[in-house]
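In this chain, numbering begins with 1 at the start of the sequence shown.
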Amino acid sequence: MAAAAATVQEVSGGRFVLGVGRGDSGQAHLGLAPMPVPLFERYVDRLQRYLRLERSGTTDNSMA
């Protein structure tokens with residue numbers, strides 16, 4: 001998703017807006033808990049750095 005968003009952002013001249021959520025209602029329909037807020041914050045931080053073409057500073061690909 002991040003790679004596609006970065007491509008559209010570049011092609012659109014910076015006009016792309018990406019909405020990201022924890023999926024609370026979708027998870028609830030499956031009987032699952034939403035992503036914990038600290039984990040979601042970490043994901044959003046990594047996604048934002050990726051979209052700014054910054055290095056993440058880690059080789060850990062897990063979100064845990």
Side-chain angles (χ1 to χ4, degrees):
M1 174 181 73
T7 299
V8 174
Q9 175 71 354
E10 183 176 329
V11 171
S12 71
R15 297 184 310 266
F16 180 72
V17 176
L18 175 66
V20 179
R22 294 188 321 156
D24 291 12
S25 61
Q27 295 289 85
H29 286 291
L30 297 173
L32 303 171
M35 179 183 282
V37 172
L39 186 60
F40 182 68
E41 289 173 336
R42 183 175 173 189
Y43 170 77
V44 170
D45 178 62
R46 285 185 177 188
L47 179 61
Q48 287 174 331
R49 283 186 278 152
Y50 179 85
L51 293 173
R52 288 190 303 260
L53 304 176
E54 297 176 11
R55 293 195 175 267
S56 69
T58 181
T59 57
D60 177 14
N61 292 326
S62 71
M63 289 311 302

Arg15 and Gln9 have their tightest heavy-atom pair at N-OE1, 3.9 Å
One pair to check against side chain to side chain contact (heavy atoms under 4.5 Å, CB included): Arg22 and Val37. What are the steps and the verdict? CA-CA 8 Å; Arg22 294 188 321 156; Val37 172; 3.4 Å; yes
For Gln27, does the CD atom have more than 12 heavy-atom neighbours from other residues, nucleotides or ligands under 6.0 Å away? yes
Drop me the distance from Leu47's CG to Phe40's CZ, to the nearest 0.5 angstrom. 9.0 Å
Under the side chain to side chain contact (heavy atoms under 4.5 Å, CB included) rule, what do Phe16 and Val11 come out as? Steps first, then yes or no, please. CA-CA 9 Å; Phe16 180 72; Val11 171; over 6 Å; no
Is there side-chain contact between Met35 and Asp24, with at least one heavy-atom pair below 4.5 Å? no
Indicate if Val8 and Val44 have the same hydrophobic cluster label, given that clusters are the connected sets of ILVMFWY residues with side-chain heavy-atom separations under 4.5 angstrom. yes
To the closest 0.5 Å, what do you measure between CD (Glu41) and CZ (Arg46)? 13.5 Å
